[in-house]
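This report concerns only the one structure given below.
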Amino acid sequence: MESIGVLLTSPMNPYLEQELGKRFKLFRFWDFPSADDFFREHSKSIRAVVGSSFIGADAQMIEALPKMEIVSSFSVGLDKIDLVRCKEKGIRVTNTPDVLTEDVADLALALILATLRRICESDRYVRSGAWKRGDFKLTTKFTGKSVGIIGLGRIGSAIAKRAEGFSCPISYHSRTEKPGTNYKYYPSVVELASNCQILVVACALTPETRHIINREVINALGPKGVVINIGRGLHVDEPELVSALVEGRLGGAGLDVFENEPNVPEELLALDNVVLLPHVGSGTVETRKDMADLVLGNLEAHFLNKPLLTPVV
Ligand SMILES: O=CC(=O)O
């Protein structure tokens with residue numbers, strides 16, 4: 001397979017990069033001054049693209065790489081891949097589900113606890129020496145709070161299971177009601193937000209779920225409510241979230257993702273009722289290795305004409 005051209009769209013994981021380099025003819029997109037320079041020189045050499053939640057395979061890339069057969073994404077999310085065009089052109093698509101579910105769900109719970117118990121703010125309190133001048137203020141209890149989850153797929157269900165361990169009543173919104181759960185279903189997100197204290201975004205980003213957290217949802221959650229986002233930045237109308245937090249119409253937010261990463265709205269940096277993480281939901285050594293092995297396994301299966309491990313298209 002050493003002669004098969006594979007394009008890695010951005011630096012993702014050293015192990016993945018090393019293994020791709022051993023098995024294929026690896027091209028690094030960022031080694032070239034511009035996308036056009038790369039396409040001009042190598043458009044006919046690329047048979048596979050390895051993308052991520054940062055750079056996937058958009059319409060321009062698909063058009064520019066006529067020999068592309070497969071996009072193997074180092075992510076569970078598929079929002080950076082033009083799936084419709086891949087389908088039309090017979091390009092296969094794979095992602096990395098399951099192996100990252102536990103880490104992302106763990107991080108959602110960590111964000112809830114960090115936001116409610118002000119973990120980061122109290123860490124700053126100790127480091128700055130402020131503790132010597134008095135005790136830290138009281139914070140908000142998590143155990144028993146009602147948790148609303150948008151999207152009850154693999155990750156949403158893993159978050160629900162963890163929150164049950166904290167005696168939290170769970171409710172959810174998704175396109176359709178899920179059979180076989182005891183959680184309360186709300187067909188409308190506003191209704192869900194009106195009936196929970198912590199609202200967690202755990203659905204896929206699609207045109208239907210873009211800005212699913214909007215002004216109406218934020219107002220329904222209210223000044224004591226908390227938004228947790230481990231999905232995608234575009235799930236949230238960010239300017240609305242920022243103004244609600246600044247004006248005290250929303251109690252707090254724990255965010256792993258942003259609309260324009262790695263840029264975070266300046267106003268959020270000044271707020272103590274938010275916890276801000278650099279998109280690290282699946283970012284553990286163990287899980288990233290499992291994700292890399294899935295990417296490699298899917299590519300090898302494809303080029304050996306075997307069934308794909310985690311096919312999407
Ligand atoms: O954001 C991360 C992923 O989609 O895996």
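Whatever order the structure lists ligands and atoms in, that order sets their numbers, starting from 1.
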For ligand 1 and [X], I'd like to know whether there is a polar contact (N/O to N/O, distance under 3.5 Å).
X      : value
Arg232 : yes
Thr96  : no
Phe74  : no

Distance filter under 4.0 Å to [X] heavy atoms, resulting ligand 1 atoms:
X      : answer
His279 : 1 (O), 2 (C)
Leu100 : 5 (O)
Ser53  : 1 (O)

Leu138: partners by side chain to side chain contact (heavy atoms under 4.5 Å, CB included), with sequence neighbours left out: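 Applying side chain to side chain contact (heavy atoms under 4.5 Å, CB included) to Leu138 gives none.
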Top protein contact for atom 5 (O) of ligand 1, by heavy-atom distance: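 Closest protein heavy atom to atom 5 (O) of ligand 1: Val76 N, 2.7 Å.
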Heavy atoms from other residues, nucleotides or ligands near CZ of Phe54 exceed 12 (cutoff 6.0 Å):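 Open: at most 12 neighbouring heavy atoms sit under 6.0 Å from CZ of Phe54.
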Between Tyr185 and Tyr172, ring centroids under 6.0 Å: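 That pair passes the under 6.0 Å test.
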Check: His279 ring centre within less than 6.0 Å of Phe258 ring centre: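 Judged by ring-centre distance (under 6.0 Å), His279 and Phe258 do not meet the cut-off.
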Distance (rounded to the nearest 0.5 Å) between Ser52 OG and Met12 CE: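 The CE atom of Met12 is 4.0 Å from OG of Ser52, to the nearest 0.5 Å.
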Results of side chain to side chain donor-acceptor pair (under 3.5 Å) for Glu19 - residues two or more places apart only: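 Residues passing side chain to side chain donor-acceptor pair (under 3.5 Å) with Glu19: Lys22, Arg23.
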